[in-house]
Amino acid sequence: MKRTHHCNELRAPHIVQTVSLAGWVHVRRDHGGIIFIDLRDREGLTQVVFDPEHNPKAAELSHGLRSEFVIAVEGTVRARPAGTENPKLPTGAIEVLAHNLTVLNPSETPPFQIEDSGGTLAGEDLRLQYRYLDLRRPSMAKNLILRHKVAKTTRDYFDQHGFLEVETPILFKSTPEGAREYLVPSRVNPGKFYALPQSPQQFKQMLMVAGVERYFQLAKCFRDEDLRADRQPEFTQIDVEMSFIDREDMYALIEGLLAQVWQVARGEKIPTPFPRMPYIEAMERFGSDKPDTRFGMELVDVSDDFKQSKFKVFRGAVDAGGVVKALNAKGLACVTQGQIDNLTETAKSFGAKGLAFIKVEGGQWKSPIVKFFNDAEKAAMTAKLKIEEGDLILFGADKREVVWEVLGRIRLIVAEMLNVKREGWNFLWVVDFPLMTFDHETNRYLSTHHPFTAAVAEDVPLLDTDPHKVRGQHYDIVLNGVELGGGSIRIHQPDVQKKVFEDVLKIPKEIAETRFGYMLTAFRYGAPPHGGIALGFDRLCAILCGSANIRDVIAFPKTAKAMDLMTNSPAEVEPKQLRDLHVKLDVET
RNA sequence: GGGGGCGUAGCUCAACUGGUUCAGAGCGCUGCCCUGUCACGGCAGAGGUUGCGGGUUCGAGCCCCGUCGCUCCCGCCA
């Protein structure tokens, strides 16, 4: 009795057909005589009716059905009696009158209900322990299906554009400058280790030297860093690299991909090309290099208005070469002192010395600092910040990087407090990042992204004189305040790459040689100009599903402590395994 | 490494300031009844070491210390 249809397939035109369905008992409604079963499979629900007057044997057997029993049913599709159709189900116009019932496998009572609606969702730890049950929930099945569709669309898109999907090694070599890596001891090479790749970066560049020209891969990547709602220790990237291109080619390519993905996954047209914003502008206006541009509340620079101010905090910041910036939280004058204190704590945790504010209530400016302001300063602020009754103005005064960070965070928190409408899909290219940032701890320059990023051509002469002024040919794709991905045009000249390693980043010559020597060698054999990008595939799928959490789009994710609760991994291993690997443990027990 | 939240029945949660509604509700589960339900309905019932270990107290689900687990954030994620 093989099934003829799935559970979201039968409609009015199938009426009178004899069909077979198989699936799980979703719910049972036993009226004593007639019995209704909602039969569930991956695709949906179909109501099956057992009628003792029609088939006493099947009806009798159906009394014993319980949640999650696996059954097969043979029956006739028929219209539901007038008035009993269920408009909530796609299959709600019909039902299957069962002739035969086979219990393929009974089920114990599940530890939680396999149900999306009903209001109670079991705790995530329990759902992770019984992930195979959690994945039966229609919303999770939907997520898996959507993820598949996005993957398929991606592969089709790149195939149509002449790309080859090439697999790169999972057993790679340690490259300690980036994220912490997972290490794999080598049995046949005692004392030596592989590392799992944080990304296929170096391999994809080698593929360009190899003449592949257009490469992509749905690549598994691994980072042994602490987890977040949008970070798992293993995750998937849409990894791309192309030869003979410039930044414009990459923007167009990715815009086309995302337009196609949105079309397939959500049936929505997204406008292209996407707007672009230089890094400096993003920081000045939004205090973030991944600005959420769905709402305003932008940072406004008022430094000039306080150059002569009597308020020492503001004037001092300007005198020291810093800035004074403010944002207007429209309508938040009702904020409580406790909430102000919380905001201040937040500001301090990001490096601010405090958080000055003005409440505009009852036609007055209420603030501990308002007494320091003269009329000109007040007028300037009123105009620049469009201050009105009911507003709350929040200030940052410090080095500009600190003010960016602090007000950027405050802006997001305040938007949350105000429940500001954030709708639509605001794609944005953030461009012109600084190639290098100075690290005060180690007293040297570090690559903002990675050391393979090429400089903007006109800035190259500054590499020797003003490294911090050099812009990289790097681009981030941002959607609604989430960094979806990033990439760059790469350095392809061996002398330039060597110079970046040794002269600019001050990586000792021997270390540069052991870690990247093969790249420099490769570049000497006719490396084409090339560039690439990588998009966070899990984040992309989560956004498309409307979830803030990438665990919802990963079949078997790990907890915040990087545990797999279903298999209890990681776990201890046998002493013999360790001996084979030449590994001795040093752990407290 | 640091900070916040949570942990009470199989599940989701309640239990005011530590004390006579102090172990409760809804769902699920079990039994009986029920022939058009789809959150089916009715009657009855079972089910608890309040995560674990200490402590304070006449008295602890509630307070304190430790510990374990889940979660969010900071650091970290070239």
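To find a chain, count down the sequence lines: A is the first, B the second, and so on, and within it residues start at 1.
- At the phosphate of G75(B), neither OP1 nor OP2 sits under 4.0 Å from any side-chain N or O atom of Arg180(A).
- Of the inter-residue distances, the one linking Trp24(A) atom CH2 with Arg40(A) atom CZ reads 7.0 Å to the nearest 0.5 angstrom.
- Nucleotides C62(B) and G19(B) place their P atoms 11 Å apart, quoted to the nearest Å.
- Within 4.0 Å of Arg551(A), counting heavy atoms only, lie sugar-phosphate atoms of the nucleic acid but no base atom.
- Here C33(B) presents its P atom at 10 Å from NE2 of His63(A), a figure rounded to the nearest Å.
- Taking the C1' atoms as reference points, C27(B) lies 22 Å from C70(B), given to the whole Å.
- Residue Asn549(A) is in sugar-phosphate contact alone, with no base atom involved, counting any heavy-atom pair closer than 4.0 Å across all strands shown.
- Between the base of C38(B) and the side chain of Asn86(A) there is a donor-acceptor pair shorter than 3.5 Å.
- With a 4.5 Å cut-off on side-chain heavy atoms, Thr168(A) and Gln217(A) count as touching.
- No engagement by Thr175(A) is indicated, since no non-hydrogen atom pair under 4.0 Å with the nucleic acid exists.
- The shortest distance between the side-chain N/O atoms of Ser349(A) and the OP1/OP2 oxygens of C74(B) is not below 4.0 Å.
- For the pair Gln497(A) (side chain) and Pro451(A) (backbone), a donor-acceptor distance under 3.5 Å is present.
- Separating the CG atom of Asp230(A) from the C1' atom of C73(B) is a distance of 11 Å, rounded to the nearest angstrom.
- The environment of CD in Glu416(A) is sparse: at most 12 heavy-atom neighbours from other residues, nucleotides or ligands sit within 6.0 Å.
- Using the Watson-Crick or G-U wobble rule with both distances under 3.5 Å, G41(B) pairs with C33(B).
- A heavy-atom distance below 4.5 Å is found between the side chains of Arg127(A) and Leu121(A).
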Donor-acceptor contacts, no H, no angles, side chain residues 105-114 of chain A, under 3.5 Å, sequence neighbours left out:
none

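- In this structure, the side chains of Ser569(A) and Phe556(A) stay at 4.5 Å or more apart for every pair of heavy atoms.
- Counting non-hydrogen atoms under 4.0 angstrom, Pro111(A) reaches the backbone sugars and phosphates but no base.
- Residue Glu85(A) is in base contact, counting any heavy-atom pair closer than 4.0 Å across all strands shown.
- Side-chain contact between Pro169(A) and Phe203(A): present, with at least one pair of heavy atoms (C-beta onward) separated by less than 4.5 Å.
- Rounding to whole angstrom units, CD of residue Glu95(A) and C1' of C38(B) are separated by 11 Å.
- Considering only heavy atoms from C-beta on, Met206(A) comes within 4.5 Å of Phe523(A) through its side chain.
- The base of U12(B) lies outside donor-acceptor range of the side chain of Gln113(A), with no N or O pair under 3.5 Å.
- The CD-C1' distance, from Glu405(A) to G75(B), rounds to 11 Å in whole Å.
- Using a 4.0 Å heavy-atom criterion, one finds that Leu126(A) contacts the sugar-phosphate atoms exclusively.
- OP1 or OP2 of U30(B) sits under 4.0 Å from a side-chain N or O of Arg66(A).
- Counting heavy-atom neighbours within 6.0 Å of Lys142(A) NZ, excluding the residue itself, gives a total of 12 or less.
- Distances shorter than 4.0 Å separate some side-chain N or O of Arg409(A) from OP1 or OP2 on C74(B).
- In terms of polar N and O atoms assigned as donor or acceptor, the side chain of Arg223(A) never comes within less than 3.5 Å of the base of C77(B) in a complementary pairing.
- Atom name P, nucleotides G28(B) and C74(B): the rounded distance is 40 Å, in whole Å.
- Scanning atom types as modelled, one donor and one acceptor separated by under 3.5 angstrom connect the side chain of Arg78(A) and the base of G36(B).
- Annotation: Phe36(A) is in aromatic contact with His31(A) [ring centroid separation under 6.0 Å].
- Backbone-only engagement by Leu565(A) is indicated by non-hydrogen atom pairs under 4.0 Å involving sugar-phosphate atoms exclusively.
- To the nearest angstrom, C1' of U35(B) lies 13 Å from CG of Leu97(A).
- Going from atom CD of Glu68(A) over to atom P of C29(B) covers 11 Å, rounded to whole Å.
- Side-chain contact check for His5(A) versus Val77(A): every heavy-atom pair is 4.5 Å or farther apart.
- Here C72(B) presents its P atom at 12 Å from CG of Asp125(A), a figure rounded to the nearest Å.
- Between Glu60(A) atom CD and U35(B) atom P there is a gap of 14 Å when expressed in whole angstrom units.
- Separation of the C1' atoms belonging to U50(B) and C6(B) is 14 Å when rounded to the nearest angstrom.
- Straight-line distance between the P atoms of C16(B) and G61(B): roughly 12 Å, to the nearest whole Å.
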Each nucleotide N or O in nucleotides 1-4 of chain B that has a protein N or O under 3.5 Å away: list the pair and distance.
residue: G1(B); atom: O6; partner: Asp226(A); partner atom: OD2; Å: 3.3

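- Regarding contacts with the backbone of A39(B), a side-chain N or O of Lys88(A) is found under 4.0 angstrom from either OP1 or OP2.
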Under 3.5 Å, which N/O atoms of the protein pair with N/O atoms of nucleotides 40-44 of chain B?
residue: C40(B); atom: N4; partner: Asp30(A); partner atom: O; Å: 2.4

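- Both thresholds, 5.5 Å between centres and 30° between ring planes, are not jointly met by Phe112(A) relative to the base of C11(B), so the two rings are not stacked.
- Residue Ala560(A) is the one, among Gln202(A) and Ala560(A), whose nearest nucleotide of RNA chain B lies closer to the 5' end (criterion: closest heavy atom).
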